[in-house]
Amino acid sequence: MIKFFRFFSQDLGIDLGTANTCVYVRGKGVVLMEPSIVAVNRESKEVLAVGKEAKKMVGKTPSNIVAMKPMKDGVIADFEACEKMLRYFIDKVKSAKHRFVLPPRMVISVPSGITNVERRAVQETALKAGARVVKLVEEPMAAAIGVGLPVEEPYGNFILDIGGGTTEMAVISLGGIVLTKSLRVAGNEMDEAIIDYLKKKYNLLIGEKTAEEIKINIGSAYPLEEELTMEVSGRDLVEGLPKTVRIRSEEIREALQDTLSVIINAVRDILEETPPELSGDLIERGLVIAGGGALLRGIDKLINQETKLPVFIADDPLTAVVRGTGKMLEEEKYFKQFPEE
Ligand code: ADP
Ligand code: MG
């Protein structure tokens, strides 16, 4: 009977990230990764674009259009926009074969720090967006399953997920979270730090999108074998005119220092609280980094230097969480382990 239902339902794993939403379709894999952004008309509230299309509009919208991020600091900041976004993505991945059959089961990852009220809100949003059954999984657990850590074994595993709005970290053993921490400091904060730095040093005003490009193109956490440079354009705050400056990777590293320290201090705090038996495992097995922040050059070297643990970057870190939700759909043992809301 269950098999029968499974055949007729297009089950989805969803990573509702602050920066990107990813969708996994059971039997298919990761089919969608788009920015968690919705562009709406300010007056009529009509949705004009979602995802990639909406991201193109950020910072370039006329006054009657707002490009908003429904997920802020890892929680749903705007329920209506979130529901519309979810519905849009779910419709986008719907296959013709399944269109008229059972509504899907969904596994959705949520930040480990959210309250019960927020959990219920996520669940209701998914039900409104068309789910039949919704299971929520804490993001670090999904990330750990996604990167293939042996979470059920009696060993300590350390997962660090540096996203856009939040950094989540956890020590996991025997299928449960032993310790966890969620920071509202992650990729966006790095972009802000770059904006501040260029403002102070060059009187150059740049937007969020440019700051992110700089971080991705020449950002680093640890000295590079070959340092990089990049031409950056923005507005001169004194003259009020467009201006271009050549920026060096050393400067961006300096700009990112404080944000990275916050993350490293939190990792150290967790390590200090970790029960000694598990600490021993961590020395052996190290720490795995997932999320877009794992792609920052040299982040593994810096964290290794500051914690003395072996550090690994997950394969395809941006999809680690959604692949974890996918594994939960594919393997009933994982699916059963998590309560329905
Ligand atoms: P979330 O789970 O919060 O949606 P993601 O895991 O999708 O976040 O990561 C998005 C963040 O990763 C953004 O802040 C983005 O700027 C950052 N990012 C993406 N690629 C890189 C890169 N190559 N170097 C540094 N940061 C990156
Ligand atoms: Mg994430």
Side-chain angles (χ1 to χ4, degrees), residues 13-24 30 32-37 51-52 55 58 69-77 82 85-86 89 108-114 122 136-147 159-170 180 182-195 207-222 224 228 230 249 252-253 255-256 259-260 263 288-303 313-326:
I14 299 178
D15 169 13
L16 260 185
T18 55
N20 298 298
T21 296
C22 305
V23 181
Y24 182 106
V30 183
L32 180 143
M33 172 155 84
E34 296 203 29
S36 307
I37 299 179
K52 285 180 195 149
K55 182 159 187 177
V58 172
K69 300 184 176 176
M71 307 296 296
K72 221 177 169 185
D73 296 334
V75 299
I76 302 184
C82 180
M85 182 176 83
L86 257 186
F89 289 142
I108 302 181
S109 68
V110 292
S112 51
I114 75 171
V122 174
L136 302 184
V137 53
E138 288 177 315
E139 191 188 300
M141 180 61 87
I145 293 174
V147 305
I159 182 86
L160 170 63
D161 177 354
I162 307 175
T166 54
T167 295
E168 305 250 339
M169 57 192 85
T180 177
S182 175
L183 305 173
R184 298 189 169 189
V185 169
N188 298 343
E189 188 97 358
M190 297 183 200
D191 303 345
E192 292 294 325
I194 292 173
I195 293 176
E208 271 172 46
K209 240 168 52 180
T210 305
E212 185 182 25
E213 275 164 28
I214 298 171
K215 174 182 70 180
I216 291 175
N217 288 341
I218 64 167
S220 62
Y222 199 84
L224 301 174
L228 306 163
M230 176 180 168
S249 48
I252 299 306
R253 197 155 57 240
L256 298 180
T259 311
L260 291 169
I263 295 172
V288 179
I289 317 179
L295 296 168
L296 184 69
R297 292 173 188 77
I299 184 104
D300 48 347
K301 288 195 185 129
L302 180 71
I303 294 180
I313 307 287
D315 291 335
D316 197 4
L318 284 162
T319 61
V321 171
V322 78
R323 282 184 285 122
T325 64

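Note that ligands are numbered from 1 as they come in the structure, with each ligand's atoms numbered from 1 the same way. On a predicted model such as this, the values are computed, not experimentally measured, just so you know. FYI, side chains are in, hydrogens and waters are out, and symmetry mates aren't considered; it's all heavy atoms of this structure.
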Less than 3.5 Å apart, N/O on ligand 1 and N/O on the protein: could you list those pairs with the distances?
from, atom 1, to, atom 2, distance (Å)
ligand 1, 3 (O), Thr18, N, 3.1
ligand 1, 3 (O), Thr18, OG1, 2.5
ligand 1, 3 (O), Ala19, N, 3.4
ligand 1, 3 (O), Gly164, N, 2.8
ligand 1, 4 (O), Thr18, N, 3.1
ligand 1, 4 (O), Ala19, N, 2.7
ligand 1, 4 (O), Asn20, N, 2.7
ligand 1, 4 (O), Asn20, O, 3.4
ligand 1, 6 (O), Gly292, N, 2.9
ligand 1, 7 (O), Asn20, ND2, 2.8
ligand 1, 8 (O), Gly164, N, 3.0
ligand 1, 9 (O), Gly292, N, 3.2
ligand 1, 14 (O), Lys215, NZ, 3.3
ligand 1, 16 (O), Glu212, OE2, 2.6
ligand 1, 16 (O), Lys215, NZ, 2.6

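- Here the side chains of Leu16 and Met85 are in contact, with some heavy-atom distance below 4.5 Å.
- One side chain, Thr180 or Ser112, offers a donor N or O that lies under 3.5 Å from an acceptor on the other.
- For Asn217, the CG atom is densely surrounded, since the number of other residues' heavy atoms within 6.0 Å is greater than 12.
- Shown here are the salt bridge (charged side-chain N to carboxylate O under 4.0 Å, His left out) partners of Glu208, two or more places apart in sequence or in another chain: Lys69.
- At a threshold of 4.5 Å between non-hydrogen side-chain atoms, the residues Leu228 and Arg297 count as touching.
- Side-chain contact between Arg253 and Leu224 is present, with heavy atoms from C-beta onward closer than 4.5 Å.
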